[in-house]
Amino acid sequence: MSHDTSSLVIDNIGLLVTNDPSLGSGPLGELKNASVVITDGFVESIGPSGAAADWHIDADGACVLPGFVDSHTHLVFAGDRSEEFTARMAGKPYDGGGIRVTTDATRRTSTDELHRLLQLRLAEAHRAGTTTIEIKSGYGLNVDDEVRSLEIAKTYTAESTFLGAHLLPSEFEGRADDYIDLVCGEMLDGAAGHSKWIDAFCETGAFDVDQSRAVLEAGKAAGLGLRLHGNQLGHGHGVQLAVECGCASVDHCTYLSDGDIEALAGSDTVATFLPAADFSTKQPYIDARRVIDAGATVAIASNCNPGSSYTTSMSFCIAIAVREMEMTIEEAIQAVTIGGAAALRRNDIGRLTPGSAGHAAILDAPSYHHLAYRPGVPLIRDTIGPLG
Ligand code: NIG
């Protein structure tokens with residue numbers, strides 16, 4: 001449900017996560033028996049139960065936390081790759097080649113239909129507690145279809161990302177540098193007005209370090225913020241490149257050397273983990289403990305896409321992080337809220353503090369521990385705030 005009101009109170013909250021340790025106990029700044037007043041979309045006050053407002057929601061003793069910030073998705077696409085998933089479960093490795101399958105399907109699909117499909121996925125994400133979502137292009141891979149994908153994405157979010165350097169399209173086979181010239185030239189010219197960010201897939205089989213660096217430098221010159229896919233399928237130079245270029249985030253980080261972790265810890269580049277992709281591609285789960293203990297900032301995102309991670313569920317990602325990645329439940333909650341906000345260089349979301357966006361998820365549970373304890377159960381009773 002989206003509550004678009006001038007003044008709303010979420011009352012009778014059994015356990016409130018503010019994400020501000022100065023407001024409550026522990027790293028999540030927890031308060032018991034609390035209320036949150038939201039006026040014109042922003043948090044006006046946090047206090048004990050019993051506050052008044054025009055509209056009233058009774059949390060009935062449940063846990064309330066900031067809406068999830070999903071900082072990595074590829075939601076503009078058509079087609080289905082369930083057969084690729086099934087083949088993977090039978091032992092075929094993931095290599096990213098299926099991106100071309102989705103590109104063919106997306107190019108063939110009308111703009112109206114792409115809007116319709118995206119709206120369905122966004123509604124699904126919102127029902128699951130997500131209130132901020134980043135959306136990449138990357139299944140157009142020519143000037144017109146990349147620009148079209150970004151025009152569609154920016155209809156729904158301020159966090160749109162130009163990913164022309166997702167994979168070499170088949171018509172450029174053997175001419176990767178020519179394609180990179182197109183991405184950095186005419187494609188970027190068309191995309192820049194519709195995107196906040198630029199991204200590249202820096203990986204063996206996709207684009208090498210020099211090609212990825214060229215994309216990031218061209219994007220920076222065009223005024224875009226920088227992000228990078230790196231270290232997804234094996235060790236490589238993606239993390240080092242992201243830190244060198246000052247990327248807001250380097251995403252995947254499934255294979256990290258000690259040097260990569262040291263570089264992340266000494267930078268303000270967020271390490272964004274995509275555990276649902278590691279689940280669906282049968283990659284190993286990252287030991288997040290090494291990264292957190294070194295002092296790096298981490299985020300967790302869904303990476304929703306038809307190939308490597310077809311889920312919008314941040315709760316599923318939390319459960320994997322806690323069960324498989326050596327993260328505490330508190331660290332996982334931070335990673336899907338303020339961690340995601342840091343990956344988008346935002347401090348107005350991912351928290352419930354006076355002045356922040358009034359974006360919240362009301363659980364059907366007394367504590368956030370249930371998000372890991374009850375995996376697969378839809379525990380979001382209500383999502384407050386529009387998805388954008
Ligand atoms: O983040 N790694 C590159 N891009 C996506 C996968 C896209 C696909 O397989 O269609 C990812 O996992």
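Whatever order the structure lists them in is the order used to number ligands and atoms, beginning at 1.
Contact annotation: the side chain of F316 never approaches that of P375 to less than 4.5 Å [non-hydrogen atoms, C-beta and beyond].
Ion pair R346/E159 flagged as a salt bridge, since at least one NZ, NE, NH1 or NH2 atom sits closer than 4.0 Å to an Asp/Glu carboxylate oxygen. Taking the charged nitrogens against the carboxylate oxygens, D258 and R290 do have a contact shorter than 4.0 Å, which makes a salt bridge.
Sorted by first and then second residue, the ring-ring contact (aromatic ring centres under 6.0 Å, His included) pairs with a member in residues 326-357 form an empty list; sequence neighbours excluded.
Clustering ILVMFWY residues whenever any of their side-chain heavy atoms sit less than 4.5 angstrom apart, transitively, puts L344 in a cluster other than the one holding L122.
The contact shell of ligand 1, taken as protein residues with any non-hydrogen atom closer than 4.0 angstrom, comprises H72, H74, R81, Y94, I99, Y139, H166, F201, H229, Q232, H252, N303, N305, G307, S308.
Annotation: the span from T269 atom OG1 to L264 atom CG amounts to 7.0 Å, rounded to 0.5 Å.
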